[in-house]
Amino acid sequence: MLTAPTLAQIESIVHDRIRAVLAERIGEIPRLSGAEKLSVTLGLSSLDLAFLVAELEAELGVDPFAKLVSITSVRSVEDLVRAYQQAFFPELQRGGEDDAMAAAVNRAQTRRARRKRR
Amino acid sequence: MPQARKVALVSGGSRGLGAELVSGFLDRHYRVATLSRTKTTFITNMLRARKDRHFHWGAVDGRDHEALRGFVKEVGERLGRIDVLVNNAGIAMEGILSTMRTRDIVEAVEVNLTAALVLAQACSRFMLRQGSGCIVNISSVHAIRGHAGVAVYSATKAALDGLTRSLARELGSRQIRVNSVAPGYFDSDMVSDMAEEQKQRIARRTPLGRLARIDEVANAVHFLASEQASFITGQTLVVDGGITC
């Protein structure tokens, strides 16, 4: 891709690639909202995800997982979309980190509350 | 319509086993890409002889991860695909571990292991998209038997065999095979400094009574890269004249 895509274009490309993988795996092309979990909801394996990353690198020319984002932080379709959006628009990264931090704090608080209940 | 030539990427193809592999793949009608730190006479001659698009060379230092990734990308874009990766580049590192400089240990790990990991990662992306591929890691008998004075080298080569087994499991479902070739002593730059007496001692300990010829090691790689090895993955093929048996 010669010029930087828009946020909407990135989302559309990522969704299309996921749907293409799903079409090959299960023969149907579901509509994606973004909230779907790649593994739990869509049944994608880690190798499917590796294939997706290779396909998206070929199409978009970037690999956000080389340095920017850890692949283990990607759980949902929108996580994957956000990773590519951040690769093109680094200014989005700050918010992403804050979200990740907030999510981590939230998880830690939940764990602490569970331990107290025991 | 004739089938497109397959593409093989050989690391460290400027001399020794790497150069033998480059020639062998070209003889088998592959298009070949290789990388090395310096342009040797072999590379100069190959570039002169193969002015067509069947041979490509890049000056890349194995410790430079970005350059390694960039080279793979360039090969993929220029030649259209990557069917075979041979992780051949390596440096011999001899010496007693307790007196070895840390920077030498790090360099051996970088060149012998990390570079292979980076190349396998980058090439496997092309192979995943193609739904086929083959990776051959050049290991060593030192990965199988312990020898004093080669602890670091042994560690890096044994790690390559571990990589072979795990990566074979990771990529098998996409028809990507991963194997190792573990050569014993063969006529190459790595044994050129060895005393004649030492070479004779190794030959005496080898059931076949001699060191290997370089083509005998290369042939094992070509076999694993070929369709004849289509159901072999995750294995280490030891080519040592029986010295480890």
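Each chain gets a letter, A, B and so on, in the order its sequence line appears, and its residues count up from 1.
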Checklist line | Set of residues satisfying side chain to side chain contact (heavy atoms under 4.5 Å, CB included) with respect to B/A151, sequence neighbours excluded | finding: B/L97
Notebook entry, point to check: Is there side-chain contact between A/L47 and B/L128, with heavy atoms separated by less than 4.5 Å?
Noted result: yes
Next item on the list: Sorted by first residue and then second, give each side-chain hydrogen bond (donor to acceptor under 3.5 Å, both in side chains) pair with at least one member in residues 34-43 of chain A; sequence neighbours left out.
Entry: A/S33-A/E36
Suppose we count any N or O donor within 3.5 Å of an acceptor, strictly below that value; which pairs fall between chain A and chain B?
unit_1 : atom_1 : unit_2 : atom_2 : d
A/D48  : OD1    : B/R174 : NH2    : 2.6
A/E55  : OE2    : B/R129 : NE     : 2.8
A/E57  : OE1    : B/R125 : NH1    : 2.9
A/D63  : OD2    : B/R125 : NH1    : 2.7
A/D63  : OD2    : B/R125 : NH2    : 3.1

